[in-house]
Amino acid sequence: MSEQLSGDGSKSVRVRYAPSPTGYPHVGNIRTALFNWLFARHTGGNFVIRIEDTDVERRVAGAVEDILESLRWMGMAWDEGPCVDGDFGPYTQSERLHLYQPLADQLVREDYAYPCFCSAQRLEEMRAEQVRLNQPTGYDRRCRDLTEQERARCRAEGIDPVIRFKVPRAGRTQFRDLIRGKVTFENSLLDDFVLLKSDGFPTYHLANVIDDHFMQISHVLRADEWMASTPRHIMLYNALKYEPPLFAHLPMILGPDKSKLSKRHGATSLLEFREEGYLAEAMMNFLALLGWSLDDRTEIIDRQTLIKSFSLERIGKTAAIFNIDKLRWMNGVYIRALSLEELTDKAIPFLEKHLPSHITRPLDRDYVRKVVALEQDRMKTLKELPELARFFFEAEVAAPLDLLANTGVPDQKAVEAFEVSLDVISGMEPFDHDSLETRFRALATELSLKTKDLFGLLRIAITGGTSAPPLFDTMALLGKDQCIRRIQKALVLLRCA
RNA sequence: GCCCCCAUAGUCUAGUGGCCUAGGACGUCGGCCUUUCAAGCCGAAGAUCAGGGGUUCGAAUCCCCUUGGGGGUACCA
């Protein structure tokens, strides 16, 4: 058993991430992909991607590309799947249609399944009635025991049947979930589910079982929401005489309202996090910790360690709520750990995109690097940088009068401070951090101002705000001319007040 | 309604019968550092381990019931 759990057995591990292109993947989907990927990498197994596009109606254009791009961004390379040939392709179900139909026919022939001619309308009425009577809903098996004659008649009427699985009326189906242990279902409570739709497409249940078998999937790691479908799958494996894979149902990731993640929860599409300036490394670390833990204290875990220490045993059972605050913190940790060059590379696209349009592009990389050095500790996401550092790029900064007038320093005194500061700056050579600090500390004393007040005044004039990187680093980077211009502007503003 | 799963602070979690006067992290609050904001460091508050019954010398840990939450109940995945 522990052999199965850890996947260290002789049987090689093959896991798959099987998204359906009905929308863009959210963090829950990607967390499932991540656990599969980590398990594959940990065990030296294969990570397969299979596109489950059997629902023609709900197909969303661009979804496949979005799914693949999400995985690429996270650095989860797949061993087989779209764009990566393998021995078990094709890896898109709509290209495997020829497989499902014969197997469905075989099941009918062997009496494991039967054609059902019930109309959508009848099914709907039946369900409504069941709901009205407070009875369990489910197909009433009307077509289960049709004679060949009756079937022929229906076909003659031109009705395209669906193929339904003939669920045993008695007994129970159970399986051992790697995370939850033994789970048992009463067969009598399951209805005869559809295997093949009337348009000839398989349902998820059929295609999934057949593909997992032919692709030799060893472990199915999927979200909890699939647990209720598992007995059907077990029955199918048995009817098809396939050996079922091992199952592990992962705890779900819930929205802030504790319900299943969906579009209604807003920015949950993974690529939106990239847009928002989160780092893939932070995202991976964070997602790994949603439902899995290394030990009782480790939070920051790099990719290699994640792979090395990942195990099914340490996956929890309880659903987790996606907590963006912790992600932000963790993203900050990863940003601070970046080298200046790396962070500069990552920051430039965000600056180019979000800085006001009147600021000329392209930005000077050397200058950006210096700005980044001053802002690295202050940003939690890359997208915050343009706002934090905007004053470094603006030709002019409008210091709000209400800020200037409310520092606690009387306006007269502030005016004097600015005037003297201008003199000092004009004659200053070199114009660097140390010279500035030495001179302005002395100046505060000369003006009988607290350093706090003098520096605060200058900060507002120069950055337009009350929070910024250390003043003299900022001034040195901005340069003498910029400093003079900004102080002059603040001076004018204050004098007119 | 019925079926399945889950249940430790606001959130993520550690804990698998005694090491738990329940540990870590985010967030919150306070302090230090300091020219501001961050970062960093230090500290605090915050959990009757959902509730109730058992089992046991001993239970967050095992069993039962209740409650709560989630998921499923489609010719969706």
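All chains are named by letter (A, B, ...) in the order of the sequence lines, taking the proteins before the strands, and each is independently numbered beginning at 1. This structure is a prediction, so every number in the text was calculated from the model and none was measured.
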Donor-acceptor pair (no angle test) under 3.5 Å: A:Thr22 side chain, B:C76 base
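For A:Thr22, whose side chain was compared with the base of B:C76, there is no donor-acceptor pair (under 3.5 Å).
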Starting at the 5' end of RNA chain B and moving along, which residue's nearest nucleotide shows up first, A:Cys116 or A:Lys317?
A:Lys317
Which residue, A:Met252 or A:Val333, contacts RNA chain B at a nucleotide closer to its 5' end, judged by nearest heavy atom?
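Comparing both residues, the 5'-ward one is A:Val333.
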With a non-hydrogen cut-off below 4.0 angstrom, is A:Asp453 in contact with a base, only sugar-phosphate, or nothing?
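If one applies the 4.0 Å heavy-atom cut-off, A:Asp453 turns out to touch nothing in the nucleic acid.
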Considering every strand and a 4.0 Å limit on heavy-atom distances, what is the contact class for A:Thr184: base, sugar-phosphate, or nothing?
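If one applies the 4.0 Å heavy-atom cut-off, A:Thr184 turns out to touch the sugar-phosphate alone, with no base involved.
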Of the listed nucleotides [options], the one nearest the side chain of [X]:
X: A:Arg441; options: B:U36, B:U35, B:C3; result: B:U35
X: A:Leu189; options: B:A77, B:G24, B:C2; result: B:C2
X: A:Val183; options: B:U35, B:C5, B:G27; result: B:C5
X: A:Arg459; options: B:U35, B:C75, B:G72; result: B:U35

Can you check whether [X] has a side-chain N or O nearer than 4.0 Å to OP1 or OP2 of [N]?
X: A:Lys380; N: B:C26; result: no
X: A:Arg314; N: B:G15; result: yes
X: A:Arg58; N: B:A77; result: no
X: A:Thr54; N: B:A77; result: yes
X: A:Lys326; N: B:U13; result: no

Without decimals, in angstroms, what is the distance between [X] [atom1] and [N] [atom2]?
X: A:Leu287; N: B:C26; atom1: CG; atom2: C1'; answer: 16 Å
X: A:His249; N: B:A77; atom1: NE2; atom2: C1'; answer: 13 Å
X: A:Leu250; N: B:G71; atom1: CG; atom2: C1'; answer: 14 Å
X: A:Tyr139; N: B:G72; atom1: OH; atom2: P; answer: 24 Å
X: A:Phe322; N: B:G10; atom1: CZ; atom2: P; answer: 21 Å
X: A:Glu299; N: B:C26; atom1: CD; atom2: P; answer: 7 Å
X: A:Glu186; N: B:C5; atom1: CD; atom2: C1'; answer: 17 Å
X: A:Asp224; N: B:A7; atom1: CG; atom2: C1'; answer: 13 Å

Look at A:Arg441 together with A:Glu437 and state whether they make a salt bridge at an N to O cut-off of under 4.0 Å.
yes
Do A:Arg390 and A:Phe393 form a cation-pi contact, if we require the NZ or CZ to be under 6.0 Å from the six-membered ring centre and within 45 degrees of the ring's axis?
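A:Arg390 over A:Phe393 ring: no.
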Quick one: does NZ or CZ of A:Arg232 land under 6.0 Å from the six-membered ring centre of A:Phe165, within 45 degrees of the ring axis?
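That pair does not qualify as a cation-pi contact.
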When the [atom1] atoms of [M] and [N] are compared, how many Å lie between them, rounded to an integer?
N: B:C33; M: B:A38; atom1: C1'; value: 13 Å
N: B:A59; M: B:C2; atom1: P; value: 35 Å
N: B:A9; M: B:A25; atom1: C1'; value: 12 Å
N: B:C41; M: B:U61; atom1: C1'; value: 36 Å

Return the orientation label for the A:Phe247 and A:Tyr237 ring planes: parallel under 30°, perpendicular over 60°, tilted otherwise.
perpendicular
Looking at A:Arg172, I want to see if its CZ is surrounded by more than 12 non-hydrogen atoms of other residues, nucleotides or ligands under 6.0 Å.
no
Measure from the side-chain N and O atoms of A:Arg144 to the backbone N and O of A:Val167, and report whether any donor-acceptor pair falls under 3.5 Å.
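Checking the backbone N and O of A:Val167 against the side chain of A:Arg144, a donor-acceptor pair under 3.5 Å is found.
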